[in-house]
Each structure stands twice: as structure tokens, then as C-alpha cells.
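Here the structure comes first, spelled out in C-alpha cells, and everything after it is commentary.
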There are 2 protein chains.
Amino acid sequence: MNLTVNQNVILESLVADNLVSDPSSARGRLLKEAARLFRDKGYERTTVRDLAAAVGIQSGSLFHHFRTKEEILKAVMVETIQLNTAVMQGAMDQAETDRDKLHALILSELESINGQTGEAMAVLVYEWRSLSKEGQEEVLALRDIYEQLWLDVLTSLAAQGVIRADPFVTRRMLTGALSWTVTWYRVDGGMTLSDLTGQVIAMLGLDQKPS
Amino acid sequence: MNLTVNQNVILESLVADNLVSDPSSARGRLLKEAARLFRDKGYERTTVRDLAAAVGIQSGSLFHHFRTKEEILKAVMVETIQLNTAVMQGAMDQAETDRDKLHALILSELESINGQTGEAMAVLVYEWRSLSKEGQEEVLALRDIYEQLWLDVLTSLAAQGVIRADPFVTRRMLTGALSWTVTWYRVDGGMTLSDLTGQVIAMLGLDQKPS
DNA sequence: CGATACCAAGCAAGCGCTTGGTTTGTAAAT
DNA sequence: ATTTACAAACCAAGCGCTTGCTTGGTATCG
């Protein structure tokens, strides 16, 4: 189960459906650089001149591709959700038991946050306020689909007595815990994302009674 | 064990030691409003005119109290850490077993995040990047003291086999999980912070074998 | 030829912060 | 009890700079 390869296959199909920009296109490269800058400096501290310089054009030329700076932020968020929902759905389809599904969800989200789409995921989590109200609602609707994948599995596990905390609370705690890894986890620190997934499972006390 | 009362007693002693501004002073009121604005709009989107208007003075008059806008942000962060470290230390001193101490730590942090100092705590977590490098280091040093309280308890619990995940990883996961509550937890939602603490304990699988 | 992608220049607005001067609070001197 | 002295707190005005974005024109390419 190599998630990286999986992600690229899914990416291609989403690009074909025009749901996600081709990373090699001008628009795609801009979104990639925007995600990096927004994560590093924050949306507000990143100027349109920064964005333009990152892809080697003049600041005014940005507005040929996007009408406003905020539209760039929204595109980063929307495309990231689209991609990661699809990747996660794929990982879920390969798992059989609910325990396996939970494992897949955790690993999948850690890959999203700390892998190729990590910069954009950090933006999604920490630049929420910079979106207009309408933008927030649009993103929120997409996010609901993603969240339902989690809730289905956690509710099922709770019904089986495998977890004892409330599924909704558990999901929210895991959202915080996993997204926070972006602030401290480094791939080169000797701990793989698979190791980290194991740590989360152990923290939840699910490492003792195998299914 | 009423944390709110406890917090006010500790607050007074910190004010007496000049470690924290008196909330009724001009400086104290400004910091309170600044925390609220920084949390709601973000540091960058909050202008010095917003800050001044919130306390009913002209924007230029702010610079009689603080040399720069960033100094306001730093003061919000530093004073919040000072207060919450003291409150948490107090809660720890009252607990006996390590399990009780962990319970106290979780409840204490939830009170910090969702109680009176919630706005400032959110700023501390989410406006980190807006501080200069020197400011970050200063805040980080204070934070280490705070974090050591957690690590001592978690390491002890791990040695006893009560928790099986790595103490450092566990703390980081809990940092994310607990600070994330600021985005969804509401006091009026029928769930107290004590309930929420119980949920976290249950999520960690620590609700089954009482000490 | 027509659309797409870009540049060069700059505008209006908003930003953090400064300046010079006025009011207010306080406490010692008369 | 009133005056004097002085620092702290504040206002009114605005400076210099950066911001997101616009405009009019020029390459590039199927």
C-alpha cells in the first residue's frame, strides 16, 4: 500500500476531470508556490508581489489568472480538499475491518499533512479566517464529505465498544492532534509516518486487543 | 477545586509582582482587547486603529504604552504564559497521584484555552509566526517551563505502563487536540470542561483501570 | 487573426508610526 | 488650602511607505 503512488494516480484523474489544476501548468505552479508562501509567512504577510516573484512574473500579471488574491487562497484550499478526499476514499476502499479503516484514515491524514500536500493542508487549517464568509462556506461544504468518512468509522468502533469516548469528540481531538504534527514532525527525524500512526493507535489504547 | 477562583487569586499575586498587567489598568485593558481582536481577525488584519478604537483612544496614543505593534502581541503572549504556568503549577500541587496530575493538567489547559484567558491562548497558538525571531525565542523559553510540567507526569505514567505511547509524542498530540478545542467547543453546548476532560481520559483509554 | 499570457507603470487606499502640543493626575512647596 | 511643578496620558494631523489591483499596450502561438 504505497500511498505516494496512489496519490499520483488519483491526482491525474482529478486533473483530467478539471477538479484540480495540473501541477505543471502555470496555474498549478502558482498554487503550489502560494501554498508554500502562505504556510511560511501567512496569507496576510504574503504580498501579490511575493506570489508573482515566486513564479517569475510581474505582480499585475497574477490577475490574469485570478481575479483577487483571496481567490488564490480559496483555490489552494478547494483543490487540496478535493485531492485529499479522493486519496482518503481510495485508502478506505482497500481496508476491510473498522480497525484497519481507522488505521488507514490516520495514516492518510498524516500523509496529507506531512507529505506533498502538506503546505496546502497547513494553509487549510491555519488560514481559515482569511477567507471571506462565502469562501468559508464553500470550503466547509467540501469538508463535510471528508469528515463523514471519519465519523462513519468512529461511530462503528464506538458501537463495538472498541473506543469509549464520543465519536464526534474523538474526531475533533484527532483533527487537532494530527494537524498539529505539521508544527513539529519532520521526516528526517528518524520516525516514519507509519511509526507515528502506530503511536496514535497506542495513545488511543487500541494496540492491545487485536481484532 | 474551583479553578476560576484559584486563577483570580494567582492573578493578583502576579500583578503584585509586576509579572502581569492589572486588567483594570489602561495597559491591561488594551492587552485584553488586543487578545480578542488578534484572535478574531488575526494579528496582521488588526490595525493599530482597531486596537486604539477598542479602548477609546487615538491610534497614535498607543505608542505611548508600547513602542511597536509587535510589542503588544508579545506582551499578550508573555503575560498569558506567566499566568497559566502559575495556575497550572497550583493545580498540580493539589494533585497526589500521577493519574490525578494528568487529569489536573488536562482540565487546567482546557480552562486556559476555553476560559478567561482563551482569547490570549488562541493568539499564543495561532499567531506564532507574526512574532520576530527574538520574540519567538523569548516566548519559547517561558513555554519550556510549562511543558516540563507535562513531560514529568507523562514520563512517569509511561514508566508505570499506564500509557504506552511515547511521552513526547503524547504531549504533542495532546497539545494539538486540546488547543483545537478553541475552534469548536462552546460552554453553552451542554458539555462542561469537566465532561470534556473525562472524554479525553476515555480517549486515552485511562478510564478503565482506576489507580 | 484572435485569444492567451504577459509587462510597465502607477493609482487610491490603508498601513505603522512620528511629531508637536494639550490635558490630566499627583504630590511637594508655599 | 492654594499654588507650583512635572511627568504621564492623550489628541490632531499627517508622513512615508506598502498594499491589492487597474490600465493600456505588447509578445507569443495555434
Side-chain angles (χ1 to χ4, degrees), chain A residues 15 18 21-77 123 127-136, chain B residues 15 18 21-77 123 127-136:
Chain A
V15 168
N18 254 335
S21 305
D22 185 343
S24 64
S25 72
R27 182 187 160 101
R29 277 184 296 115
L30 175 63
L31 289 180
K32 173 82 178 161
E33 291 298 320
R36 190 178 55 79
L37 285 166
F38 289 164
R39 187 200 58 175
D40 290 349
K41 310 175 54 168
Y43 172 76
E44 296 292 340
R45 290 176 97 94
T46 304
T47 68
V48 293
R49 288 166 179 81
D50 291 334
L51 292 168
V55 290
I57 59 175
Q58 293 294 329
S59 67
S61 305
L62 276 186
F63 296 90
H64 174 73
H65 299 280
F66 298 90
R67 275 180 315 192
T68 63
K69 181 187 170 190
E70 191 193 321
E71 202 173 79
I72 300 177
L73 176 63
K74 201 176 77 178
V76 167
M77 292 182 169
V123 171
E127 300 298 333
W128 187 253
R129 279 175 315 198
S130 297
L131 263 192
S132 67
K133 211 163 199 172
E134 306 83 63
Q136 289 187 14
Chain B
V15 168
N18 254 335
S21 305
D22 185 343
S24 63
S25 71
R27 182 187 160 100
R29 277 184 296 117
L30 175 62
L31 290 179
K32 173 82 179 162
E33 292 298 320
R36 190 178 56 79
L37 285 166
F38 289 164
R39 187 200 58 175
D40 290 348
K41 310 175 55 169
Y43 172 77
E44 296 293 339
R45 290 175 97 93
T46 304
T47 69
V48 293
R49 287 165 180 82
D50 291 334
L51 292 168
V55 290
I57 60 175
Q58 294 293 330
S59 66
S61 306
L62 275 186
F63 297 90
H64 174 74
H65 300 280
F66 298 91
R67 277 181 312 194
T68 63
K69 181 186 170 191
E70 190 193 322
E71 203 173 79
I72 300 176
L73 176 63
K74 200 176 77 177
V76 167
M77 292 183 168
V123 171
E127 299 298 334
W128 187 253
R129 278 175 315 199
S130 296
L131 264 192
S132 67
K133 211 163 200 173
E134 307 84 63
Q136 289 187 12

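Below, read A as the first sequence line, B as the second, and so on, with proteins coming before strands; counting in each chain starts at 1.
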> Within this structure, what is the CG-to-C1' distance between A:Leu30 and C:dT4, rounded to whole angstrom?
Replying inline: 16 Å
> If you round to the nearest 0.5 Å, how far is CD of A:Gln136 from NZ of A:Lys74?
Replying inline: 11.5 Å
> Are a donor atom and an acceptor atom from the side chains of A:Arg27 and A:Ser21 found within less than 3.5 Å of each other?
Replying inline: yes
> Roughly, in whole Å, what's the span from CG in B:Leu62 to P in C:dC17?
Replying inline: 10 Å
> Think B:His64 has a side-chain N or O under 4.0 angstrom from the OP1 or OP2 of D:dA9?
Replying inline: yes
> Partners of B:Ser132 by side-chain hydrogen bond (donor to acceptor under 3.5 Å, both in side chains), sequence neighbours excluded?
Replying inline: B:Glu70
> Is NZ or CZ of B:Lys69 both nearer than 6.0 Å to the six-membered ring centre of B:Tyr43 and within 45° of the ring axis?
Replying inline: yes
>> Generate the contact string for nucleotides 18-28 of chain D. Rules: B means base contact, S means sugar-phosphate contact only, - means no protein heavy atom under 4.0 Å.
In response: -BBBB------
>> Would you compute the distance between atom OG1 of B:Thr47 and atom NZ of B:Lys41 and round it to the nearest 0.5 angstrom?
In response: 6.0 Å
> Does the side chain of A:Met77 come within less than 4.5 Å of A:Glu127's, by heavy atoms?
Replying inline: yes
> The side chain of B:Ile57 lies closest to which of these nucleotides: C:dA5, D:dC11, C:dA8?
Replying inline: D:dC11
>> Of the options C:dC6, D:dA9, C:dA8, whose atoms approach the side-chain atoms of B:His65 most closely?
In response: D:dA9
>> Between C1' on C:dC6 and CG on A:Leu51, what's the gap in Å once rounded to a whole number?
In response: 17 Å
> Over how many whole Å does the gap from A:Gln58 atom CD to C:dC6 atom C1' extend?
Replying inline: 9 Å
